[in-house]
Undergrad: 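I'd like to ask you about the structure that follows.
The figures that follow rest on heavy atoms only: side chains count, while hydrogens, waters and symmetry mates do not.
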Amino acid sequence: MHRRLGRLAATLAAVAVVLSSAGTAQATDGGGDRRRPLSAVNLPSGDRVLFYLGQDSSTLADFDTAVLDTDRGFPVPAGVTLYTNLVGAPMSGMFQPTNYGAGDNDFPATLNTYGGGIAVGLFLSDPSQTPLKALAGTADQATVTRYRKWLDEFITYFDRTGRDVFLRIGYEFDGAWNAYDPELYKEAFRYIARRIDRLGARRIATVWQSAAWPRVEQAPYAPTAAGHWKQWYPGDEYVDWAGLSHFYGERFDRYQWACETPGNVAATPLAVQESLLNFARMHRKPVFVAESAPQGFDLGNLTAGCIFVDPATGGPRATVPVTAEQIWDTWYAPYFRFIERNRDIVRGVAYINTDWASQSMWNCQPGACANGYWGDSRIQANPLILRRFRAEIAKRLYVHGPDRVRGFEPPDFSGPGRSEGEYADLPQGGSTGIAVADPTASNDRTALVYANGASIAFDHVGRGPSIDLRYATVTGNVQLTVLVNGAARCTLRLPNQGSATAWATVTIPVPVPDDAAVTLRLDSGDVVWVDYITPGQRNRR
């Protein structure tokens with residue numbers, strides 16, 4: 001029996017949660033048995049709580065250096081959080097590092113630094129709802145086929161990590177900023193869950209994560225509206241874990257929402273969070289606090305700021321000085337109380353340990369922030385916060401990770417006889433190259449290299465008397481150096497094809513030994529699109 005069919009049989013007594021007209025969450029018992037034990041993929045034993053850390057490779061590398069390397073007794077996270085997508089540049093960060101202004105996402109590098117599990121934020125939003133329509137099967141056939149192929153690669157990739165994986169499908173599904181359609185979202189979620197089962201990926205848990213956003217919003221994004229959770233819920237047989245974001249707690253109005261107009265507050269953050277917890281209790285789904293950080297506090301500078309524009313001026317609002325003790329009492333102490341008070345249902349937490357102000361997506365003047373004011377939530381930025389945080393997560397309540405790390409090499413899904421550019425390495429960290437969607441390319445994706453000195457590197461290339469390169473260019477001065485096993489073997493100029501979709505093939509007269517590393521370095525020219533090279537992967541899968 002598939003795990004989802006078995007779980008469905010065990011949850012036929014699921015109930016709905018509605019919200020009162022006053023906006024306070026109310027659980028309606030429709031037959032759900034809160035005494036029934038939780039059962040879910042990747043559920044920790046002994047009523048314990050997984051401790052995860054995120055949310056980008058840059059942040060995690062900094063934490064490894066600043067905390068774990070200097071304090072060998074510091075509890076190692078049970079897992080880490082990273083993000084990727086099926087939009088624009090599908091599976092970004094999974095094969096090559098990428099950065100959209102919120103730190104590097106480099107899955108191979110992080111998985112080779114940290115052991116334990118991984119929580120994956122899967123972004124599925126675009127203005128046309130294309131990913132949702134494709135996965136739900138309502139787009140045109142070519143689009144459906146393309147996205148579903150990418151999804152199968154995505155699932156296979158994470159299955160082959162050998163780790164516990166928490167897949168946050170369309171995370172913060174009810175955030176107005178994502179603009180998901182509820183019916184399309186549910187259908188896409190269900191399809192993803194079914195494919196996980198069909199492909200036998202038994203360690204991938206689906207996570208249905210709400211934004212738990214307490215501000216006034218229009219339907220369907222208002223969590224205080226009657227029937228909100230039911231409207232978005234894919235069904236017990238598809239959801240392994242419920243999830244929520246937790247950036248504001250009991251004292252949200254002291255600093256974080258201090259400048260907000262009271263009429264814009266639909267309910268306290270705690271009321272919305274508890275509403276989701278009650279829904280999860282009735283459906284017997286463990287909860288992962290999938291995103292959490294003290295938004296608006298700067299632990300390094302010891303300041304606090306309202307996350308919104310000042311309504312009195314319509315612009316910036318100055319931060320105020322605070323002590324580390326005040327920060328702890330305002331956010332951290334209630335946060336840990338929230339976890340312990342709800343330990344019957346909260347079985348995982350992920351803390352975002354980031355200097356938000358150092359990342360271009362979040363760097364702004366408080367009160368004039370397109371994405372809200374965030375500050376600096378790195379616990380290592382303040383000794384008192386670090387010491388107390390350490391003491392909290394060292395409690396037996398929390399599950400920690402292994403010290404040993406099992407190596408991981410991303411799988412290659414190239415077709416027979418080819419090494420596709422989208423699975424190759426772009427070693428400059430995502431600032432000089434990226435893999436993007438392209439339906440004219442051989443595998444619906446291609447690698448784009450766009451800076452002099454940048455390179456694209458293919459590993460495990462099979463033996464051959466020469467290399468064939470399928471490429472496209474838009475200028476006439478593209479020059480490549482070809483390296484085999486690190487040694488420069490040939491320099492060639494690529495004829496201008498005049499279009500990013502006008503593909504041509506050139507033969508490079510360089511022999512390749514078995515299991516070779518082949519690198520193409522862009523010496524001049526603005527850009528080159530690399531579709532694939534032959535010979536292909538020696539060990540394709």
Side-chain angles (χ1 to χ4, degrees), residues 89 91 95-97 108 153 409-541:
M91 295 177 276
F95 300 94
Q96 311 92 7
E153 291 183 7
E409 183 174 1
D412 189 294
F413 300 100
S414 297
R418 298 174 178 171
S419 290
E420 296 279 354
E422 61 266 29
Y423 308 121
D425 187 20
L426 295 165
Q428 278 73 26
S431 61
T432 58
I434 190 171
V436 296
D438 185 345
T440 72
S442 66
N443 197 36
D444 292 319
R445 297 171 67 215
T446 185
L448 175 61
V449 184
Y450 49 81
N452 290 346
S455 60
I456 180 170
F458 300 86
D459 293 328
H460 305 303
V461 177
R463 183 187 303 276
S466 61
I467 301 169
D468 283 347
L469 165 65
R470 190 171 193 251
Y471 75 98
T473 59
V474 293
T475 62
N477 62 335
V478 173
Q479 179 174 298
L480 296 178
T481 294
V482 181
L483 301 92
V484 177
N485 292 333
R489 302 296 304 276
C490 175
T491 298
L492 72 154
R493 291 187 177 275
L494 299 179
N496 182 8
Q497 300 306 310
S499 169
T501 59
W503 298 101
T505 300
V506 61
T507 298
I508 305 169
V510 172
V512 181
D514 195 36
D515 200 23
V518 174
T519 302
L520 308 178
R521 188 182 68 216
L522 181 61
D523 293 330
S524 68
D526 295 330
V527 63
V528 61
W529 287 262
V530 176
D531 191 4
Y532 62 80
I533 66 168
T534 60
Q537 288 280 302
R538 177 179 182 271
N539 301 311
R540 279 199 311 113
R541 301 289 180 176

Undergrad: Can you list the steps and then say if Asn452 with Leu522 is a side chain to side chain contact (heavy atoms under 4.5 Å, CB included)?
TA: CA-CA 5 Å; Asn452 290 346; Leu522 181 61; 4.3 Å; yes
Undergrad: Over all heavy atoms of both residues, which pair between Ala457 and Ala424 is shortest? Give the atoms and the distance, please.
TA: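 Heavy atoms of Ala457 and Ala424 come nearest at O-CB, 3.2 Å.
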Undergrad: Search all heavy atoms of Ala516 against all heavy atoms of Val484 and return the closest pair with its distance.
TA: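 Taking Ala516 first and Val484 second, the nearest heavy atoms are CB-CG1, 4.3 Å.
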Undergrad: Search all heavy atoms of Leu426 against all heavy atoms of Ile434 and return the closest pair with its distance.
TA: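 Distance-wise, the nearest heavy atoms are CD1-N, 3.4 Å.
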Undergrad: I'd like to check Glu153 versus Pro411 (side-chain heavy atoms, cut-off strictly below 4.5 Å). Are they in contact?
TA: no
Undergrad: Rounded to the nearest 0.5 Å, how far does OG1 of Thr519 lie from CG of Leu480?
TA: 11.5 Å
Undergrad: Okay, side chain of Gln479, backbone of Gly525: is any donor-acceptor separation there less than 3.5 Å?
TA: no
Undergrad: Please name the pair of heavy atoms, one in Val478 and one in Val527, separated by the smallest distance, quoted to 0.1 Å.
TA: CG2-O, 3.6 Å
Undergrad: Between Val461 and Ser419, which heavy-atom pair has the shortest distance, and what is it?
TA: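 Of all heavy-atom pairs spanning Val461 and Ser419, the closest is CG2-OG, 4.2 Å.
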Undergrad: Can you spot which of Asp515, Asp412, Asp514 makes a side chain to side chain donor-acceptor pair (under 3.5 Å) with His460?
TA: Asp515
Undergrad: Of all residues at least two apart in sequence or in a different chain, which pass the salt bridge (Lys or Arg N to Asp or Glu O under 4.0 Å) check with Asp425?
TA: none
Undergrad: Set out, in order, the CA-CA distance, both residues' side-chain angles and the distance that settles side-chain hydrogen bond (donor to acceptor under 3.5 Å, both in side chains) for Tyr423 and Asn443, then state yes or no.
TA: CA-CA 11 Å; Tyr423 308 121; Asn443 197 36; 2.9 Å; yes
Undergrad: Are Asn477 and Ser524 close enough, and set up right, to give a side-chain hydrogen bond (donor to acceptor under 3.5 Å, both in side chains), and what steps lead you there?
TA: CA-CA 6 Å; Asn477 62 335; Ser524 68; 5.2 Å; no
Undergrad: Which distance, rounded to the nearest 0.5 Å, do you find between the OG1 of Thr505 and the CG of Leu469?
TA: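 Interatomic distance, Thr505 OG1 to Leu469 CG, rounded to 0.5 Å: 7.5 Å.
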Undergrad: May I ask you to decide if Glu420's main-chain N or O and Ser414's side chain share a donor-acceptor pair within less than 3.5 Å?
TA: yes
Undergrad: Which value, rounded to the nearest 0.5 Å, describes the distance between Asp523 atom CG and Arg493 atom CZ?
TA: 9.5 Å
Undergrad: Is there a donor-acceptor contact under 3.5 Å from the side chain of Gln96 to the main chain of Glu422?
TA: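 Present.
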Undergrad: Looking at Arg470 and Asp468, is any side-chain nitrogen of the basic one under 4.0 Å from a carboxylate oxygen of the acidic one?
TA: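 Salt bridge absent between Asp468 and Arg470.
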Undergrad: Please find the pair of heavy atoms, one from Gly421 and one from Ala447, that lie closest to each other, and give the distance.
TA: O-CB, 3.4 Å
Undergrad: Check the pair Thr507 / Ile467 against side chain to side chain contact (heavy atoms under 4.5 Å, CB included), numbers first and verdict last.
TA: CA-CA 6 Å; Thr507 298; Ile467 301 169; over 6 Å; no
Undergrad: Any donor-acceptor pair under 3.5 Å linking the side chain of Thr432 with the backbone of Tyr450?
TA: no
Undergrad: Would you check, one step at a time, whether the test side chain to side chain contact (heavy atoms under 4.5 Å, CB included) holds for Val474 with Asp526?
TA: CA-CA 8 Å; Val474 293; Asp526 295 330; over 6 Å; no
Undergrad: Which is it for Trp503 and Thr446 under the side chain to side chain contact (heavy atoms under 4.5 Å, CB included) test, yes or no, and what are the steps along the way?
TA: CA-CA 11 Å; Trp503 298 101; Thr446 185; 3.5 Å; yes
Undergrad: For Pro495, give me all partners under side chain to side chain contact (heavy atoms under 4.5 Å, CB included), at least two apart in sequence or on another chain.
TA: Tyr471, Gln497
Undergrad: Spell out, as yes or no, whether a donor-acceptor pair under 3.5 Å connects the side chain of Asp438 to the backbone of Thr440.
TA: yes
